[in-house]
Amino acid sequence: MPDIVWSVAGFIVAISVLVCFHEFGHYWVARRMGVKVLRFSLGWGTPFKTFVTRDGVEWSIAPLPIGGYVKMLDEREGPVAPHERHLAFNNQSVAKRMAIVAAGPIFNFMLAIALYWLVFVIGTEGLKPLIAAPPPGSAAAVAGLQAGDEIVAIEGEAVQTWAVLGTDLIEHVLDGGNLQMTVLPKGGVPREVSLDVSKVRVDPEVLFDDLGLSPYEPMAPPVLTQVQKGSPAESAGLLEGDRVLAMNGDAIRSPSELVSWVKAHPGAIVEMEIERAGERSKRSVVLESSQTEGKAYGRLGSGVATPPDLWQDLRAERRLDGLAAIPAAAEQTWRMSWLTLRMLGRMVIGDVSVKNVSGPIQIAQVAGDSARIGLVSFLSFMAIVSVSLGVLNLLPVPVLDGGHLLLFAIEGVQGRPLSERAMAASQYLGFAFIGTLMVLAFYNDIMRLI
């Protein structure tokens, strides 16, 4: 199946489920609070499917699956019959209105817990947190970490996979200071290591470079994958499955070594030694030169991997029984929510680059990639996005749920709602913020594609 099909299908499925669950939270609580619901719409635009249930609610499915809404009876949006005034949203108490508005994000968090529960029960596979040789001068090198060391615990909490390690490191680096880790050398005994993270930048783009931590790779010649049309690799007659042994006489022992070598030689004429079907040969290739942020990098035009059988001993699995998975899922949802909020705060003060903001294009690509990998990967992706939707919607920005909650809280304190002029001004500010955020997200997505 083409990548674009995976991306579109994964995006539609994920966003439809997440938005539907969010809006159902508003709908379900509104009905429980005695508010009349007029319409439940999944998607935007002219509906292509509409039906009305016995209770008078119009359910519709629209073609643009990037949102949805629940329309309630409200005197601010149209005339309301006198006998139904008590059913209108605007006539409910502040507490009831806040409960209805907060229900959407809360249902997103509940969905995330359910998804994480499924992930933990099904089980997740990943790489053991073994590290490659840290670059000289990095925090890991200063701490005495070496190639092949396995990080088994951080601050006393067990670490099973690289995915868990990544989240734990980001959390603790945000705290600063020294990080206590339990490390298991290959064939040795566990030892305690203190990692100084006080000077490590918290931006995910550079955090692991500053730490000097990267996954351990088995020492084996890398195998070429996905040779691109019109690329230097294709022009040189290279094929998927070729094993790269050397570049201009320099031995290549892993995919990362090949990537680093190619990047460091933009525009170079290279003699590659390869192995194909058990026979060795040499190929001459002219590397392309590409510019990234003003710096030139070499490009071969193919993917690269290590033979799959070499990774078997490095695999790890995490699986919990149904009962133990409940608190673990709740804790994971809380951790990801708090981490998202902290990263947003660091973005506001400039510690984290706004390049990390992703839009629909990037989300669709990740959705497609995770769907291709498997069910657990796709469920994990949906859980993370559900958490993000919950957190973002609770931000005190007008037009978002959090903005409505803020206005209701002000109304509750002063005993009356804000003036129409103040409400209109807040709406303009909210739309300006959302518009700016969308432009930034699309810009980042397009720059990633370029």
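Computed from a predicted model, the values in this text were never measured in an experiment.
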Could you grab the distance from atom NE2 of His26 to atom CD1 of Ile100, nearest 0.5 Å is fine? 10.0 Å
Is it true that atom CZ of Arg342 has more than 12 heavy atoms of other residues, nucleotides or ligands lying nearer than 6.0 Å? yes
Determine whether Ile384 and Tyr116 make a side-chain contact, defined as any pair of heavy atoms from C-beta on separated by less than 4.5 Å. yes
Distance in Å, Arg201 CZ paired with Leu207 CG, rounded so as to fall on 0.5 Å steps: 9.5 Å
Flag yes if more than 12 heavy atoms outside Arg280 fall under 6.0 Å of its CZ atom; otherwise flag no. no
With heavy-atom distances below 4.5 Å as the criterion, would you say the side chains of Ser60 and Arg39 are in contact? yes
Which residues pass the salt bridge (Lys or Arg N to Asp or Glu O under 4.0 Å) test with Glu240, not counting sequence neighbours? none
Rounded to the nearest 0.5 Å, the CD atom of Glu257 sits from the CG atom of Asp250 at a distance of 9.5 Å
Taking the side chain as every heavy atom from C-beta outward, state whether Phe24 and Phe40 have any atom pair closer than 4.5 Å. yes
Would a 4.5 Å heavy-atom cut-off, applied to side chains only, mark Val262 and Met247 as touching? yes
Interatomic distance, Ile154 atom CD1 to Thr182 atom OG1 [nearest 0.5 angstrom]: 9.5 Å
Looking at side-chain heavy atoms only, is the closest gap between Leu145 and Leu213 below 4.5 Å? yes
I need the minimum non-hydrogen distance between Ala112 and Thr333, along with the two atoms involved. C-OG1, 3.7 Å
Kindly determine whether Leu238 and Met272 satisfy side chain to side chain contact (heavy atoms under 4.5 Å, CB included), including the steps that lead there. CA-CA 10 Å; Leu238 298 173; Met272 296 180 61; 3.7 Å; yes
Measuring from Leu195:CG to Ile151:CD1, what's the distance to the nearest 0.5 Å? 8.0 Å
Ring-plane angle category for Trp59 and Tyr27, please: parallel below 30°, perpendicular beyond 60°, tilted otherwise. perpendicular
Atom CD1 of Ile15 and atom CE of Met382: how far apart are they, to the nearest 0.5 Å? 8.5 Å
Can you confirm whether the side chains of His22 and Asp401 place a donor and an acceptor under 3.5 Å from each other? yes
Could you check if a side-chain atom of Ile131 sits within less than 4.5 angstrom of a side-chain atom of Val183, using non-hydrogen atoms only? no
Verdict with reasoning, Leu115 to Gln332, per side chain to side chain contact (heavy atoms under 4.5 Å, CB included): CA-CA 11 Å; Leu115 292 170; Gln332 182 70 2; over 6 Å; no
Using the test salt bridge (Lys or Arg N to Asp or Glu O under 4.0 Å), find all partners of Glu171 that sit at least two apart in sequence or belong to another chain. Arg335
Would Arg299 and Glu288 count as a salt bridge (charged side-chain N to carboxylate O under 4.0 Å, His left out) if you check the C-alpha gap in whole Å, the side-chain angles of each, and the deciding distance to 0.1 Å? CA-CA 5 Å; Arg299 179 178 176 274; Glu288 286 184 358; 2.8 Å; yes
Taking the side chain as every heavy atom from C-beta outward, state whether Thr124 and Glu317 have any pair of such atoms under 4.5 Å apart. no
Please identify each residue that fulfils salt bridge (Lys or Arg N to Asp or Glu O under 4.0 Å) with Glu331, with sequence neighbours left out. none
Glu125 and Thr161: side chain to side chain contact (heavy atoms under 4.5 Å, CB included), yes or no, with the steps? CA-CA 8 Å; Glu125 286 191 352; Thr161 64; over 6 Å; no
Taking the side chain as every heavy atom from C-beta outward, state whether Ser231 and Leu300 have any pair of such atoms under 4.5 Å apart. no
Consider side chain to side chain contact (heavy atoms under 4.5 Å, CB included). Of Leu245, Val244, Leu239, which one does Asp242 pass it with? Leu239
